[in-house]
Amino acid sequence: MAGRLNGKVAIVTGAGRDGNIGVAICEAFLREGAKAVIGTDFRQEEAAEISARMARLGVGGAFELVEQDVTSQADWARVADHATSAHGGIDVLVNNAGIAIHSGIEHSSLDDLRKVMAVNHDALFMGMKACLPALKDSVNRFPGGGSIINNLSMASYMPSGINIGYHTSKAAGRMLTLCAAVEFGPMKIRVNSVHPGLTMTPLIREGLADYVKLGRYETVEAAEASIAGLGALGVSSQPEDTAHAFVYLASDEARFVTGASIYHDGAIGQRY
Ligand SMILES: NC(=O)c1ccc[n+]([C@@H]2O[C@H](COP(=O)([O-])OP(=O)(O)OC[C@H]3O[C@@H](n4cnc5c(N)ncnc54)[C@H](O)[C@@H]3O)[C@@H](O)[C@H]2O)c1
């Protein structure tokens, strides 16, 4: 059956936690005919469960969850080499892994800021650099060329007084994406970003619980309703919804799209 990603090889970071966006992207890519999807994460506790879920899809594409710390250049070299030697190249890189430390400048240390920047920003640079040689070859297989998709956030364009590292790193990720789009365009590699709004995953549930601890909301449910209510649609997203945006950007349907931001946020940004 013709899929939108038939024959492509993809790396998706942050895919080691069931119920998260990375796992949903891997699943969507496999459903669309990807030849191989390499999920990576430093968490491996749920590897068997996630691999079993992908096997149950009954599609032909290979899936593996590879251990990787996205802040390690050595790990990036290993993952890029593995994709090329085991699967013949890299067509799509999704920089999806992310972390948050919920506090403002007053109660954050410089180390807190650096930790968040390392995962949410520096790792994007490392991933793009490590995968670049392989991505250059993608155009010889697919007319749309290589595709890099950075998972940023509505946080990249909305300020926050209680989440300094997260918002700053995501905003910096947007400029990194734009610069890479300009640099890599002549190499036929497209670079785009997706900016999810409130998407109900383990990360966001933990984040909402932190807001409750900080006294901003009474309960996690109240926090979800309040934040989702800021958007025009008034509801939160599910990881499977968010994954569709990545399928489009990874596919050759988006062959003329680079340097673009998909605001997958229910128009929450309209308030700012
Ligand atoms: N859920 C939302 O509402 C939302 C909104 C906007 C943006 N995002 C972004 O989407 C991405 C995925 O978020 P999620 O909600 O699925 O979160 P999640 O915590 O469920 O998933 C993030 C994954 O990244 C992994 N990770 C963290 N640090 C790592 C490291 N150093 N090396 C390797 N893996 C690492 C974690 O183990 C985890 O599996 C993040 O970049 C996040 O900022 C999420």
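Counting starts at 1 for both ligands and their atoms, following the listed order.
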**Fill in**
Closest to atom 2 (C) of ligand 1 among protein heavy atoms sits T199 O, 3.4 Å
**Enumerated ligand 1 atoms positioned under 4.0 Å from heavy atoms of A97** = 24 (O), 26 (N), 34 (N), 35 (C), 41 (O)
**Request:** Would you mind listing which atoms of ligand 1 come within a distance below 4.0 Å of any non-hydrogen atom of L152?
**Result:** 6 (C), 7 (C), 8 (N), 9 (C)
**Fill in**
If we number the atoms of ligand 1 from 1 as shown, the ones under 4.0 Å from a heavy atom of Q68 are 32 (N), 33 (C)
**Request:** Check each atom of ligand 1 against the heavy atoms of Y166 and keep those under 4.0 Å away; list them by number with element.
**Result:** 6 (C), 7 (C), 8 (N), 9 (C), 42 (C), 43 (O)
**Request:** Specify the closest pair of heavy atoms between L65 and G16, including all atoms of both residues, with the distance to one decimal.
**Result:** CD2-CA, 4.0 Å
**Request:** Would you mind reporting whether Y248 and R4 have side-chain heavy atoms less than 4.5 Å apart?
**Result:** yes
**Beyond-backbone contact of D112 with H107, side-chain heavy atoms, under 4.5 angstrom** = no
**Message:** Checking a contact table here: which protein heavy atom is nearest atom 31 (N) of ligand 1, and how many Å away?
**Reply:** D69 OD1, 3.0 Å
**Prompt:** Got the closest protein heavy atom to atom 10 (O) of ligand 1, with its distance?
**Reply:** N151 ND2, 2.8 Å
**Complete:** When every non-hydrogen atom of T242 is compared with those of S237, the smallest separation belongs to OG1-OG, 3.2 Å
**Item:** V70-ligand 1 polar pair, N/O distance under 3.5 Å
**Value:** yes
**Message:** Do M54 and V79 sit in one hydrophobic cluster, given that two such residues count as connected whenever their side-chain heavy atoms are within less than 4.5 Å of each other, even indirectly?
**Reply:** no
**Prompt:** S153 heavy atoms, cut-off 4.0 Å: which ligand 1 atoms fall inside?
**Reply:** 6 (C), 7 (C)
**Prompt:** Which is it for E64 and H87 under the side chain to side chain donor-acceptor pair (under 3.5 Å) test, yes or no, and what are the steps along the way?
**Reply:** CA-CA 11 Å; E64 53 185 328; H87 302 291; 2.7 Å; yes
**Request:** Would you mind checking which non-hydrogen protein atom is closest to atom 5 (C) of ligand 1, with the distance to 0.1 Å?
**Result:** G197 O, 3.0 Å
**Prompt:** Is any side-chain heavy atom of H244 closer than 4.5 Å to a side-chain heavy atom of I262?
**Reply:** no
**Message:** Give the atom numbers and elements of ligand 1 that come within less than 4.0 Å of a heavy atom of G98.
**Reply:** 22 (C), 24 (O), 27 (C), 40 (C), 41 (O)
**Asked** Which residue, K8, R190, R141, forms the salt bridge (charged side-chain N to carboxylate O under 4.0 Å, His left out) with D91?
**Response** R141
**Prompt:** Under 4.5 Å between side-chain heavy atoms, hopping through other hydrophobics if needed: is there a path connecting V12 to L30?
**Reply:** yes
**Message:** Quick check: K170 and ligand 1, any N/O pair under 3.5 Å apart?
**Reply:** yes
**Asked** Nearest protein heavy atom to atom 21 (O) of ligand 1, by residue and atom, and its distance?
**Response** N20 ND2, 3.1 Å
**Numbering as shown, the atoms of ligand 1 that approach I21 to under 4.0 Å (heavy-atom distance)** = 10 (O), 16 (O), 44 (C)
**Request:** Specify the protein heavy atom at minimum distance from atom 14 (P) of ligand 1: its residue, its atom name, and the distance to 0.1 Å.
**Result:** T201 OG1, 3.5 Å
**Item:** Atoms in ligand 1 with a heavy atom of L198 nearer than 4.0 Å
**Value:** 3 (O)
**Prompt:** With a 4.0 Å cut-off on heavy atoms, does T13 reach ligand 1?
**Reply:** no
**Asked** Can you name the nearest heavy-atom pair linking N151 to N96, along with the distance?
**Response** ND2-OD1, 2.7 Å
**Item:** Identified side chain to side chain contact (heavy atoms under 4.5 Å, CB included) partner of L152 from the options S169, P196, S193
**Value:** S193
**Complete:** Only residue of N163, I164, D210, V116 satisfying side chain to side chain contact (heavy atoms under 4.5 Å, CB included) with I101 is V116
**Asked** Who's the nearest protein heavy-atom neighbour of atom 27 (C) of ligand 1, and how far?
**Response** I99 CG2, 3.6 Å
**Asked** Identify the closest protein heavy atom to atom 41 (O) of ligand 1: which residue and atom is it, and at what distance?
**Response** N96 O, 2.7 Å
